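Reading through the structure tokens given below for one structure.
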Amino acid sequence: MRAPSDGWRLSRRDLFKIGALAAAAVGGVGAIEITTRLAADAGTAEGLPRATSAIPSLCQMCTTACGIIGHIADGRLLKITGNPVDPNSQGAVCAKGVAGPSVLYDPFRMLYPLKRVGERGSGRWRRITWDEAYDEMATKLREIRERGKPEEFAFQQGRNRSSDIVARFLNAYGTPSHFNHRALCSANRRAAIATTIGESDWDLGDYENSAYVLNFGCNWAEAHQGHIPVAIRMMRAREKGAKLVTFETRMSNTAALSDEWFCVKPGTDGLIALAMANVICREGLWDREWLESWSNYAPDKIAEHVAQYTPARAEQESGVPAATIERIAREFAAAAPRATTICNRGSQGHRNGYYNDRAITMLNALVGSMGKPGGWCWHPLSAWDKKAIPEPKPVPAGPTARSVIAEAKDWPLANAFAGKMKVAEIVYLWIKEGRQKISALMTYNADTAWSWPEAQLVRGVLRDEKLIPFHVCIDVMYSETAHLADMILPWATYLERWDIDSRPAQGLVDYVGLRQPVVPPRGESKDIREIFPEIARRVGGGMAEYFPWKTTEEYLEEYFRPVPGGFAHMKANGIWMDQTKKPHYEPYNKPLTAEDLDGSTEDAATGIIHKGVDSKTGAPTAIGIRIDGVALRGFLTPSRKVEIYSDFVVQKGKAVDREVHPLPVYEPIPSHQREFPDDHLIMTSYKINVHNAHRTMQSKWLQEISHTNPALLNRATAVKLGIHDGDWIEVTSFRPLDAAVPMGDGSKMGTLRTRVRLTEGVHPMVIAIAHNAGRSVGGAYATNGTDTSDNPGYGAISDPDLDRLWWRGAISVPQNDILPIYPDPVTGGQSYHDTVVQIRKV
Ligand SMILES: Nc1nc2c(c(=O)[nH]1)N[C@H]1C(S)=C(S)[C@@H](COP(=O)(O)OP(=O)(O)OC[C@H]3O[C@@H](n4cnc5c(=O)[nH]c(N)nc54)[C@H](O)[C@@H]3O)O[C@H]1N2
Ligand SMILES: Nc1nc2c(c(=O)[nH]1)N[C@H]1C(S)=C(S)[C@@H](COP(=O)(O)OP(=O)(O)OC[C@H]3O[C@@H](n4cnc5c(=O)[nH]c(N)nc54)[C@H](O)[C@@H]3O)O[C@H]1N2
Ligand code: SF4
Ligand SMILES: [Mo]
């Protein structure tokens with residue numbers, strides 16, 4: 001029976017109408033009231049209950065964190081629209097954002113704490129109380145801490161948006177074994193940008209004002225960490241006549257929305273960019289004056305370096321005609337400074353990804369578009385201004401204990417920059433190899449057993465009670481990782497929890513947002529903001545001192561005090577931005593004031609201006625540089641200029657006996673440097689627009705739209721292999737043939753069976769498989785009807801939609817089961833698109 005609190009249910013027809021209304025709301029500028037009125041009116045017009053309140057919050061169906069409004073009727077979330085006051089998303093939401101209620105009201109959600117009763121992975125559980133859960137956790141964690149081995153408590157997270165409370169808890173405990181997902185995601189790109197400009201690891205572009213956008217493997221129309229905020233700006237740029245050029249291995253929706261699409265061989269984007277640099281230098285299309293002021297490497301030396309990368313060589317390796325590379329280089333330079341590159345996992349998710357992104361970033365320096373309106377821009381803050389809105393005190397200091405895995409010393413650039421990136425894909429391998437003893441593991445906001453490369457290795461380690469004696473998983477849903485836990489704590493969804501949050505500002509002005517519950521948590525689910533203080537109290541030993549607030553609201557009240565109107569403003573509006581701030585254009589050109597210069601010293605040879613000393617290192621602190629007689633802020637690199645040549649990375653490499661090239665170079669992918677037999681292909685990965693990694697797998701609304709991930713194969717390749725559309729194939733992967741990486745012996749790694757979809761829209765040497773599919777547990781919707789097991793964590797399930805699961809049995813495969821661990825030797829970034837596979841019709 002359906003519980004009375006389940007209320008009414010939307011029909012598919014209603015959903016369609018709401019989707020149209022949400023789309024209409026996207027265009028609606030102005031105040032929240034407008035959207036609220038729209039919702040209320042819409043309710044009556046569509047025969048739906050009237051929304052009685054509209055609560056601003058932040059989406060987390062992906063990590064773009066768009067401002068949303070939850071429309072509530074009779075205590076139930078009716079629908080989600082965009083919050084127009086969000087400067088990033090400006091009132092727009094994507095299909096995943098609209099589908100929030102399907103995650104909140106998912107019948108297979110975890111609602112009660114569970115303890116394992118069968119063997120690990122047997123799927124047999126019993127319900128326990130929170131009190132029992134807290135006690136058991138606190139007893140284990142206290143014992144480890146009192147033994148003086150806090151590093152044996154490991155915390156594995158993914159794309160967490162509550163970093164304040166996580167760091168507070170782990171630092172108060174004292175463990176450095178804090179593992180994240182970054183190397184799986186964006187490490188190469190971040191390292192390339194940080195090397196080059198020093199003051200940010202994230203480019204934002206200024207797409208709305210661009211005349212030319214050169215895209216190397218960024219799928220902004222379907223994915224990207226700034227998805228909706230970027231997509232709306234790109235579309236506006238196009239309306240204003242900008243030209244969008246996309247290099248992709250596949251006809252993505254982004255490629256389809258571009259003026260030109262070039263299908264590249266995987267891993268060759270850096271070479272194309274270097275060949276463009278060659279054309280720009282050779283033909284004098286550069287902004288020589290800008291380079292002379294701002295590049296730490298002389299223009300003629302850059303020209304000399306890129307001379308080896310001819311368009312003819314780039315054509316040979318990438319397949320893009322030399323004449324096209326020349327034409328695009330000229331067009332890009334002609335449009336500068338209103339020209340920018342954009343790139344993402346397509347260029348950086350490779351063994352040579354760091355250098356690819358170094359080369360792509362350099363193009364913007366060559367044409368002098370860095371920091372200019374319509375050019376390649378950035379913001380130094382990746383979130384809100386933490387100096388103006390600091391974390392409430394007392395804040396615990398960082399841990400003093402050491403963790404071999406988190407330090408990941410073999411990779412010189414993994415932890416070289418401000419934000420430590422770590423090397424996510426080696427965590428479970430190194431635990432297996434006994435490099436780090438783990439006595440307790442807490443997994444949170446990550447489905448490592450499914451989204452990490454070599455997922456079966458992760459599962460093997462999680463299953464092994466000698467390697468992981470105690471595993472607590474905090475999750476909203478029953479995931480592959482939860483399946484291998486000893487205890488599962490039901491986590492509140494993003495629609496039921498509090499957060500302070502914001503994303504890199506696409507408008508180049510920082511802002512701050514509030515995620516607030518639009519409804520109370522379902523069942524017994526709780527957020528970590530409630531769980532962690534309670535564990536801290538029970539562990540004792542001084543931990544609780546860092547959690548003096550009685551409630552999360554009390555803590556946030558204090559946190560938001562510096563915001564005009566405080567917490568009350570945030571609860572009513574969801575967002576605050578200082579309207580007097582100007583966009584962060586050309587920060588390097590900002591003159592130093594007389595006050596800045598008072599008491600400073602200047603290095604005669606470099607022009608670098610210093611003032612005071614670094615409290616940790618004792619070295620003089622640079623505050624700027626004199627350029628053409630003017631004292632300016634400059635870039636935040638060691639040279640205060642754009643580092644085309646980086647001695648910093650060379651030294652980092654030397655420290656661990658690894659060669660890091662100071663300049664952007666092209667390093668061919670070792671396993672790709674040979675003749676491929678017809679049945680050998682390069683397996684790439686991509687994201688589906690309506691799904692986000694693991695967190696949307698349970699959404700019946702989104703699963704209904706997309707529930708399979710057939711292998712995309714070029715028709716010409718299929719003809720050679722006698723494969724037809726819809727055929728079953730076996731895909732066997734090989735480890736990289738690459739002495740510089742763990743297990744790089746070229747041996748066979750894994751096999752999966754799937755079906756093919758033939759298309760002209762994929763490179764003939766590529767087999768492309770989407771990663772957003774292939775769950776084996778988590779209930780009927782996540783698994784296309786195959787997991788029917790009863791789980792005491794779900795509560796009573798009565799969902800009439802189960803009878804409408806028309807896609808039951810649809811094929812979806814877990815790509816990561818055949819994706820080898822393959823860290824870039826420089827940064828540790830996982831090479832997602834380099835795996836050589838053999839395919840066979842079955
Ligand atoms: N819908 C959706 N949105 C998401 C996510 C999601 O799972 N689903 N995840 C979020 C996260 S965590 C991230 S990191 C971002 C990622 O955002 P993006 O990096 O923009 O998207 P991806 O699909 O990972 O990869 C980009 C594209 O690279 C292409 N590609 C593969 N190899 C090459 C190559 O050698 N050269 C070129 N030029 N292209 C290549 C793939 O076909 C793919 O379309 O998206 C975020 N947003
Ligand atoms: N083959 C392949 N593998 C990939 C990638 C790829 O392109 N190809 N991309 C990689 C990238 S870029 C990344 S960042 C990682 C991401 O991999 P993950 O970190 O595993 O993916 P997420 O979906 O971010 O995290 C899943 C967790 O989000 C949590 N979550 C938090 N809040 C909510 C909520 O309110 N509702 C729901 N439903 N869940 C919530 C749940 O705990 C869930 O387990 O995957 C990587 N894996
Ligand atoms: S882009 Fe991400 S954060 Fe924004 S609405 Fe879509 S799912 Fe939500
Ligand atoms: Mo990611």
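In each ligand, atom 1 is the first atom listed, and ligand 1 is the first ligand listed. Just so it is clear, the model here is predicted, and its values are computed rather than measured.
Ligand 1 lies within reach of Glu222, whose nearest heavy atom is under 4.0 Å from it. Using a non-hydrogen distance threshold of 4.0 Å, His181 does not register as a contact of ligand 1. Residue Ser685 places a heavy atom less than 4.0 Å from ligand 1. Ala693 counts as a contact of ligand 1, since one of its heavy atoms falls under 4.0 Å from the ligand. Remark: distances from the non-hydrogen atoms of Trp491 to ligand 2 include one below 4.0 Å. Note on ligand 1: Gly267 sits in its first shell, one or more heavy atoms being nearer than 4.0 Å. Residue contacts with ligand 2 leave out Glu496, since none of its heavy atoms falls under 4.0 Å from the ligand.
Close N/O approach between Arg497 and ligand 2 is found [any backbone or side-chain N/O within under 3.5 Å]. In terms of N/O distances under 3.5 Å, ligand 2 is approached by His771. Geometrically, ligand 2 and Arg345 share a nitrogen or oxygen pair separated by less than 3.5 Å. Residue Thr448 places no N or O, backbone or side chain, under 3.5 Å from any N or O of ligand 2.
Neither the backbone nor the side chain of Thr268 has a heavy atom within less than 4.0 Å of ligand 1. With a 4.0 Å cut-off on non-hydrogen atoms, Tyr832 touches ligand 2 through its side chain and not its backbone.
Considering only non-hydrogen atoms, atom 18 (P) of ligand 2 lies nearest to Ser451 out of Ser451, Ala223, Gly158.
Contact atoms of ligand 1 toward Cys218: 20 (O) (distance under 4.0 Å to a heavy atom of the residue). Taking every heavy atom of Asn689 and a limit of under 4.0 angstrom, the matching atoms of ligand 1 come to 1 (N). Residue Cys185 approaches ligand 2 through these ligand atoms, each under 4.0 Å from one of its heavy atoms: 12 (S), 14 (S). Ligand-side atoms of ligand 1 in range of Phe247: 37 (C), 38 (N), range being under 4.0 angstrom from any heavy atom. Interface of Val264 with ligand 1, defined as ligand atoms under 4.0 Å from a residue heavy atom, comprises 36 (N), 37 (C), 38 (N).
Using modelled atom types, one finds a donor on one side chain and an acceptor on the other under 3.5 Å when comparing Arg695 with Asn445.
Not less than 6.0 angstrom separates the ring centroid of His771 from the ring centroid of Tyr832.
Residues Ser699 and Tyr781 have side chains not in contact (no heavy-atom distance under 4.5 Å, counting atoms from C-beta outward).
Counting protein heavy atoms under 4.0 angstrom from atom 4 (C) of ligand 2 gives one or more.
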